[in-house]
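Values below: every heavy atom of this structure, side chains too, minus hydrogens, waters and symmetry copies. One-based numbering along the sequence shown.
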Amino acid sequence: MTRAKRLEPVQHIVEEAQQRLARSVATFEKRVLDGDKKLDELVRYKAEYEQGFQQRAATGIGVMEMRDYQAFLARLAEAIKQQQALVTRARAEHEAERLKWQEALRRSKALGHVVERWQAEERHVTERREQRESDERAQRKIPRP
């Protein structure tokens, strides 16, 4: 068995690991996008709620209603803060996974280059051997005077 053939199973494993990491990167990217979307929704909802509060306050509201608005706005602000932390963590995880994938891709390409080089060397050796055998056969067929 040639060197390149012996290395093919290793190459296959490395490529599978790289592909698995690529899928993982996509999953982390989706988490970031989903987290950003939810954060945007919370911020938009809070802005709408604040606008509603200002409109209600302009027409006059009671102390209890004002306290309820403020308590709800405080809960929204806390939810936004928590969502920002989740998005920050998701981005960090995505970046770490992306870096692992890039390294796996680099290893996969490097191994692929080694296999290609070995295959080229093996082809060259085979071609030289076949040429030598062909030359020897041709010399044997030449009649000697």
Practice item. Test Glu8 against His12 for side-chain contact (heavy atoms from CB on, under 4.5 Å), laying out the working first. Key: CA-CA 6 Å; Glu8 283 178 4; His12 182 69; over 6 Å; no
Point to revise | Six-ring centre of Phe28, Arg31 cation under 6.0 angstrom, axis tolerance 45° | key: yes
Practice item. With sequence neighbours excluded, tell me which residues meet side chain to side chain contact (heavy atoms under 4.5 Å, CB included) with Arg3. Key: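 With sequence neighbours excluded, Arg3 shows a side chain to side chain contact (heavy atoms under 4.5 Å, CB included) to Arg6, Trp118, Glu121, Glu122, given in chain and number order.
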Review point. Mind checking whether Glu133 and Arg129 have side chains closer than 4.5 Å, heavy atoms only?
Key: yes
Exercise for review: Begin with the C-alpha distance, continue with both residues' side-chain angles, and end with the deciding distance and a verdict on side-chain contact (heavy atoms from CB on, under 4.5 Å) for Lys109 and Leu105.
Suggested key: CA-CA 6 Å; Lys109 285 181 179 181; Leu105 181 61; 4.0 Å; yes
Any idea which heavy atoms bring [X] and [Y] closest together, and the distance?
{"X": "Ala4", "Y": "Gln119", "answer": "CB-CG, 3.5 Å"}
{"X": "Lys46", "Y": "Ala77", "answer": "CE-CB, 4.0 Å"}
{"X": "Leu73", "Y": "Glu50", "answer": "CD2-CG, 3.4 Å"}
{"X": "Tyr69", "Y": "Gly52", "answer": "OH-O, 4.3 Å"}
{"X": "Gly112", "Y": "Gln11", "answer": "CA-NE2, 3.4 Å"}

Check your understanding: Given the rule in the side-chain contact (heavy atoms from CB on, under 4.5 Å) test, do Glu41 and Lys37 qualify, once you have shown the distances and angles that lead to the verdict?
Key -> CA-CA 6 Å; Glu41 289 172 1; Lys37 183 179 175 185; 3.5 Å; yes
Using 4.0 Å as the upper bound for N to carboxylate O, is an ion pair formed by [Y] and [X]?
{"X": "Arg123", "Y": "Glu127", "result": "no"}
{"X": "Lys30", "Y": "Asp34", "result": "yes"}
{"X": "Glu103", "Y": "Lys100", "result": "no"}

Check your understanding: Would you call the rings of Tyr45 and Phe72 parallel, tilted or perpendicular if under 30° counts as parallel and over 60° as perpendicular?
Key -> perpendicular
Can you list, pair by pair, the side-chain donor-acceptor contacts under 3.5 Å of residues 80-93, counting residues two or more places apart and other chains?
residue, atom, partner, partner atom, Å
Gln82, NE2, Glu78, OE2, 3.3
Gln83, NE2, Gly35, O, 3.1
Thr88, OG1, Gln84, O, 2.9
Arg91, NH2, Asp36, OD1, 2.8
Arg91, NH2, Asp36, OD2, 2.8

Exercise for review: Find the distance between OG (Ser108) and NE2 (His113) and round it off to the nearest 0.5 Å.
Suggested key: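 Result: 9.5 Å between the selected atoms.
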Exercise for review: Working to the nearest 0.5 Å, report the span between OG of Ser24 and CZ of Arg98.
Suggested key: 13.0 Å
Check your understanding: Can you list the steps and then say if Arg106 with Gln102 is a side-chain contact (heavy atoms from CB on, under 4.5 Å)?
Key -> CA-CA 6 Å; Arg106 186 191 63 72; Gln102 284 181 327; over 6 Å; no
Linked, directly or transitively: [X] and [Y] (ILVMFWY side chains, under 4.5 Å):
{"X": "Val43", "Y": "Phe53", "result": "yes"}
{"X": "Leu21", "Y": "Ile13", "result": "no"}
{"X": "Tyr49", "Y": "Leu39", "result": "yes"}

Review point. Can Asp135 and Gln139 be said to form a side chain to side chain donor-acceptor pair (under 3.5 Å), step by step?
Key: CA-CA 6 Å; Asp135 292 346; Gln139 282 183 353; over 6 Å; no
